Amino acid sequence: MITNTRKLLPVFTRQGMGVPLILVLLFVLLSVTSPHFLTVENLSNLLLQSVFVMVVAFGTMFVLTMGGIDLSVGSILGLCGGITGWLMMNGINMWFAILAGLALGTLIGIFNGILITKLRISPFLATFAMLYIARGLLLLFTIKEPIRNFATPAFKFIAQGKVFGIPMPVLITLVVFLLCYFLFTSTSFGRFVVAVGSNKEAAHLSGISTDSIKIRVYALSGLLAAGAGVLLTSRLTAVQPLMGTSYELDAIAAAVIGGTSMFGGKGSVVGVAIGAIILALVSNGLDLLAVNQFYRLIITGVIIVTAVGVERFTSSRTD
């Protein structure tokens with residue numbers, strides 16, 4: 001019974017308590033230092049800040065767990081959100097435009113996977129090149145002026161509406177979280193991802209099609225980045241040339257803070273969610289405390305290193 005509980009809630013076992021501990025400490029610290037932190041409006045904004053990175057980071061977690069890396073997700077986010085807005089601006093039905101954006105993200109992910117598996121280009125180089133290609137394509141759509149005046153009330157509702165007082169992006173992200181959690185912990189695909197990341201050769205010898213797993217994982221990463229792009233486009237109701245910039249770094253940070261190994265073989269969907277909230281918490285807290293931009297970068301870096309260090313320490317004590 002204890003084993004089953006740990007399997008279902010790994011982040012709450014002793015091995016995974018480092019990251020939640022950092023989250024609680026930051027929450028308490030900001031509650032004491034800022035009178036505006038515990039307001040309903042601020043906590044709602046905090047959740048909204050975290051969900052866009054969180055959706056991207058779920059895909060990044062799968063990639064890192066498999067032993068790869070995806071530096072193109074920020075540009076995919078911007079391009080797919082931009083394509084969705086551009087299609088709607090040109091009179092295309094909202095749902096078709098959304099599906100086109102999601103399909104494009106998936107196809108870019110598949111292309112990344114093919115470059116890596118069939119042409120044997122390193123994941124770093126393949127996705128780094130795609131970062132520039134996707135960003136360049138977005139610039140072609142927005143170089144003269146940002147894409148705007150396309151958002152219908154129904155499209156705005158996706159990221160600005162509420163259901164029973166809960167923001168729609170939070171509800172959508174919750175659904176994505178549950179699907180990713182099920183996929184990672186309860187399917188053969190999730191087990192194969194961990195196996196490939198742990199030992200690619202052993203996984204191949206055991207009959208796992210490692211190339212197929214890699215392509216599917218990069219497709220999933222592209223799909224989730226595109227989904228975040230559609231959400232962000234709905235939230236902003238405009239597409240800027242630099243939309244999505246640095247999201248790849250935030251997604252990697254959220255995944256690593258949450259206990260995902262950069263060397264493959266270990267990941268946690270719950271940990272990613274907590275990692276994304278920690279990043280949003282740091283940004284929100286520094287805004288409330290009016291910390292100078294130069295100090296913000298240093299403080300954010302220190303907190304990321306501390307969170308990862310605490311997680312690694314608590315994990316090593318139980319290995």
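Values in this document were obtained by computation on a predicted structure and should not be read as measured data.
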| field | Side chain proximity check, R216 to L220, heavy atoms < 4.5 angstrom | value | no
| query | Backbone N or O of I277 within a donor-acceptor pair of the S50 side chain at under 3.5 Å? | reply | no
| query | Which distance, rounded to the nearest 0.5 Å, do you find between the OG of S268 and the OH of Y181? | reply | 8.0 Å
| query | Shortest non-hydrogen contact from A228 to L77? | reply | CB-CD1, 3.7 Å
| field | Short side-chain donor-acceptor distance under 3.5 Å, D70 and T60 | value | no
| message | What verdict does the side chain to side chain contact (heavy atoms under 4.5 Å, CB included) test give for T237 and F155, after you've listed the backbone C-alpha separation in whole Å, the side-chain angles of each residue and the deciding distance to 0.1 Å? | response | CA-CA 9 Å; T237 64; F155 187 69; 5.9 Å; no
| task | Measure the shortest side-chain to side-chain distance between L179 and L183 over non-hydrogen atoms and say whether it is less than 4.5 angstrom. | result | no
| task | Treating Ile, Leu, Val, Met, Phe, Trp and Tyr as nodes and any side-chain heavy-atom pair under 4.5 angstrom as an edge, say whether L286 and V32 lie in one connected cluster. | result | no
| said: Check the orientation of F177 and F58. Use parallel for under 30°, tilted for 30 to 60°, and perpendicular for over 60°. | reply: tilted
| query | Would I121 and F111 show up in the same hydrophobic cluster when neighbours are defined by side-chain heavy atoms closer than 4.5 Å? | reply | yes
| message | Are V282 and L249 linked, directly or through intermediate hydrophobic residues, by side-chain heavy-atom contacts shorter than 4.5 Å (ILVMFWY only)? | response | no
| I252 vs L71, side chain to side chain contact (heavy atoms under 4.5 Å, CB included): CA-CA, chis, key distance, verdict | CA-CA 9 Å; I252 292 172; L71 300 176; 4.1 Å; yes
| query | Can you find a heavy atom in the side chain of S75 that is under 4.5 Å from one in the side chain of M130? | reply | no
| query | Are the side chains of V53 and Y247 in touch, meaning some heavy atoms are under 4.5 Å apart? | reply | yes
| said: Can a donor-acceptor pair be found, under 3.5 Å and without considering hydrogens, that links the side chain of S206 to the backbone of A203? | reply: yes
| Exercise: identify the closest heavy-atom pair between A254 and A57 | CB-CB, 4.0 Å
| remark: Heavy-atom nearest pair, A226 first then G101, reads CB-O, 3.5 Å
| message | Any heavy-atom pair between the side chains of V239 and P146 that's under 4.5 Å? | response | no
| request: Report yes if some heavy atom in the side chain of M94 is under 4.5 Å from a heavy atom in the side chain of T152; otherwise report no. | output: yes
| How about F52 and R235: do any of their side-chain heavy atoms sit closer than 4.5 Å? | yes
| query | If you look at every heavy atom in P123 and I116, which pair is closest and at what distance? | reply | CA-CD1, 3.7 Å
| Donor-acceptor pair, S221 side chain versus V217 backbone, under 3.5 Å? | no
| message | Assigning hydrophobic clusters by single linkage (Ile, Leu, Val, Met, Phe, Trp, Tyr; side-chain heavy-atom cutoff under 4.5 Å), is I215 placed with L64? | response | no
| request: For R135 and P241, indicate whether the former's side chain and the latter's backbone hold a donor-acceptor pair under 3.5 Å. | output: yes
| task | Decide whether L104 and I110 are clustered together by the hydrophobic rule: side chain heavy atoms of Ile, Leu, Val, Met, Phe, Trp, Tyr closer than 4.5 Å, transitively. | result | no
| task | Assess whether atom CZ of F96 is packed by more than 12 heavy atoms of other residues, nucleotides or ligands within 6.0 Å. | result | no
| query | So, the side chain of T33 versus the backbone of L29: is there a donor-acceptor pair under 3.5 Å, distance only? | reply | yes
| query | For L131, does its backbone N or O pair with a side-chain atom of S72 as donor and acceptor, under 3.5 Å? | reply | no
| remark: Separation between CG (L281) and CG (L43), nearest 0.5 Å, reads 9.5 Å
| request: Would you check if the side chain of S198 reaches a backbone N or O of V194 as a donor-acceptor pair within less than 3.5 Å? | output: yes
| query | Looking only at atom types and distance, does a side-chain atom of N199 sit under 3.5 Å from a main-chain N or O of A195, one as donor and one as acceptor? | reply | no
| request: Look only at the side chain of S34 and the backbone of L30, and say whether a donor-acceptor pair between them is shorter than 3.5 Å. | output: no
| query | Less than 4.5 Å apart, any side-chain heavy atom of M168 and any of I158? | reply | no
| request: For N42 and N284, test the side chains for any donor-to-acceptor distance below 3.5 angstrom and give the result as yes or no. | output: yes
| task | Begin from the C-alpha positions of W86 and T233 and carry the test side chain to side chain contact (heavy atoms under 4.5 Å, CB included) through to its verdict. | result | CA-CA 11 Å; W86 182 81; T233 301; over 6 Å; no
| task | Let me see the working for M66 and K214 under side chain to side chain contact (heavy atoms under 4.5 Å, CB included), right down to the final yes or no. | result | CA-CA 7 Å; M66 182 191 62; K214 287 182 179 181; 3.5 Å; yes
| query | So, does S122 use its side chain to make a donor-acceptor pair with the main chain of L125 at under 3.5 Å? | reply | yes
| request: For residues Y218 and G68, report the shortest heavy-atom separation together with the two atoms involved. | output: OH-CA, 3.7 Å
| task | Quick one: closest heavy-atom pair of A238 and M243, and the distance? | result | O-SD, 4.2 Å
| task | Look at the aromatic rings of Y132 and F128 and report parallel, tilted or perpendicular, splitting at 30° and 60°. | result | perpendicular
